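Take a look at the structure set out below.
None of the values given here were measured: they were computed from a predicted structure. Order of appearance sets the numbers: ligands from 1, and atoms from 1 within every ligand.
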Amino acid sequence: MTERVYLDWNATAPLRPQARDAFERAVTLTGNPSSVHAEGRAARHTIEGAREQIAALLGAERADVIFTGSGTEANALALSPLIETAAEKQPRDKLLISAIEHASVRAGGRFARETIEDIPVDAAGRVDLAALAQALRTAQRPLVSIMLANNETGVIQAVAEAAGIVHAANGLLHVDAVQAIGRMACDIRARGADLVTLSAHKIGGLKGVGALVRGREDIHFAEPLVRGGGQERGLRAGTENVAGIAAFGAAAAAASANLADEAAHLRSLRDLFEEGLRAIAPQTVIFGEAVERLPNTTLFSHPGLKTETAVIAFDLAGIAVSSGAACSSGKVQPSHVLAAMGVSEPLTRGAVRASVGFSTTKADIETALNAWRKLAPALSKGSKEQPGMAA
Ligand code: PLP
């Protein structure tokens, strides 16, 4: 069988060797981390070590890290009207979410539908901060959720500026940093985030592990999401996934140790890919290219391209890419992100995402461009449409 080329790191990343080692060590631990005996203490010690590593990744305190069963669950925990601070014990009266958030944020957590409002984005996929300020005027104690980097376009949001606006309006800011960690510096205190969501499998940990991290210590949830044994300071009951958490910590440590080098490596491959796409098919549109983006993500389209056809053609050529909007049914859904950016429907229907990671090579990019070279000639014959935008 020919070697596969994996360019879908935003969907999930391969396990890092350091995470595999940590997993293998921890999976042999017998104890329940809540038990007081030596076996239990060994498991607890492993979890607390990983907590330290996750805190270090964000410049947070160890006590601020709450492990969850996924990034999705961390988002569901964060989006609660019953978040209190030292100064504010009343329930949050409004949830403001950007129009490009992941489905797990768009679901709104425990807020009633009628208390949720969308914040639009501009044509480049950046949250409209003037619209945010306007929407905050009608709230007393809002919670705002804005992602640090978008999973489809990779566009990075002005989180520090948003935090200033939100705090001036007596609000709290939740930041979904699932796609950003390991790809850019994520100092949550410097950016003013009050709560941050992470997911292990996007940085080379295991699937089914996440974390919600507090950016300030006086944040308190009056209601846990999962009740029971009181684990994770009462916020997430259930015996901890010790081996998964250990792997998460090791992946975080490895990602932060090599952050600058890895980011430079990703950027050079991404740029090579994008230059190649355009050299082969000059009408290629790369979404969000004019603004700050993650170094690893390309969301592109072309007049006449159909997402399903392209993803299958790449797959048959041995290359894994995706439609930006992955969905559990495996079907391609029209992207709510591109719709929010005002991209024309024909271009949206051809959107393909390629995302690279630490083990991607130049040869991988060349293989992907060879597949594009075979796909592209049919496009120029097939369509007279012009690109609607090139943000
Ligand atoms: N948030 C963003 C931006 C994501 O891209 C994802 C996963 O695709 C999630 C949250 C959900 O994370 P998990 O897969 O751990 O539930």
(message) Using a 4.0 Å cutoff against the non-hydrogen atoms of H201, which atoms of ligand 1 qualify?
(response) 13 (P), 14 (O), 15 (O)
(request) Could you tell me the residue and atom name of the protein heavy atom closest to atom 11 (C) of ligand 1, and the distance to it rounded to 0.1 Å? (result) T72 OG1, 3.4 Å
(request) Flag the pair E274 and R293 as a salt bridge only when some basic side-chain nitrogen lies within less than 4.0 angstrom of an acidic carboxylate oxygen. (result) yes
(message) Test of understanding: given a 4.0 Å heavy-atom threshold, classify the contact between M147 and ligand 1 as side chain, backbone, both, or neither.
(response) side chain
(request) Return the minimal non-hydrogen interatomic distance between S80 and R92, and the atom names on each side. (result) O-CG, 4.3 Å
(message) Looking only at protein heavy atoms, which one is nearest to atom 13 (P) of ligand 1, and what is the separation?
(response) G71 N, 3.5 Å
(request) Distance to 0.1 Å, residue and atom name: give those for the protein heavy atom nearest to atom 1 (N) of ligand 1. (result) D176 OD2, 2.6 Å
(message) For W372 together with F273, are the ring centres under 6.0 Å from each other?
(response) no
(request) Among all protein heavy atoms, pick the one closest to atom 4 (C) of ligand 1 and tell me residue, atom and distance. (result) H102 CD2, 3.3 Å
(request) Using a strict cut-off of 4.0 Å, indicate which atoms of ligand 1 neighbour a heavy atom of V178. (result) 1 (N), 2 (C), 4 (C), 6 (C), 10 (C)
(request) Go through ligand 1 atom by atom and flag the ones less than 4.0 Å from a non-hydrogen atom of S70. (result) 15 (O), 16 (O)
(request) Report yes if A149 has an N/O atom closer than 3.5 Å to an N/O atom of ligand 1; otherwise report no. (result) no
(request) Give the atoms of ligand 1, by number and element, whose distance to some non-hydrogen atom of N151 is under 4.0 Å. (result) 3 (C), 5 (O)
(request) Run the contact test for K202 against ligand 1 with a 4.0 Å cut-off on heavy atoms, strictly below, and give the result. (result) yes
(message) Assigning hydrophobic clusters by single linkage (Ile, Leu, Val, Met, Phe, Trp, Tyr; side-chain heavy-atom cutoff under 4.5 Å), is M147 placed with I156?
(response) yes
(message) With a 4.0 Å cut-off on N to O distance, would you call R216 and D64 a salt bridge?
(response) no
(message) Geometry only, no angles: is S199 polar-contacting ligand 1 at N/O separations under 3.5 Å?
(response) yes
(message) I'd like to know if E240 pairs up with R236 as an ion pair, taking the criterion as any Lys NZ or Arg NE/NH1/NH2 lying under 4.0 Å from an Asp or Glu carboxylate oxygen.
(response) no
(message) Check this for me: does any side-chain nitrogen of one of E152 and R353 sit under 4.0 Å from a carboxylate oxygen of the other?
(response) no
(request) Would you indicate whether the side-chain heavy atoms of V337 and N150 approach each other to under 4.5 Å? (result) yes
(message) For atom 5 (O) of ligand 1, what is the closest protein heavy atom, and at what distance to 0.1 Å?
(response) Q179 NE2, 2.8 Å
(message) Any carboxylate oxygen within less than 4.0 angstrom of a Lys/Arg side-chain nitrogen, looking at E52 and R62?
(response) yes
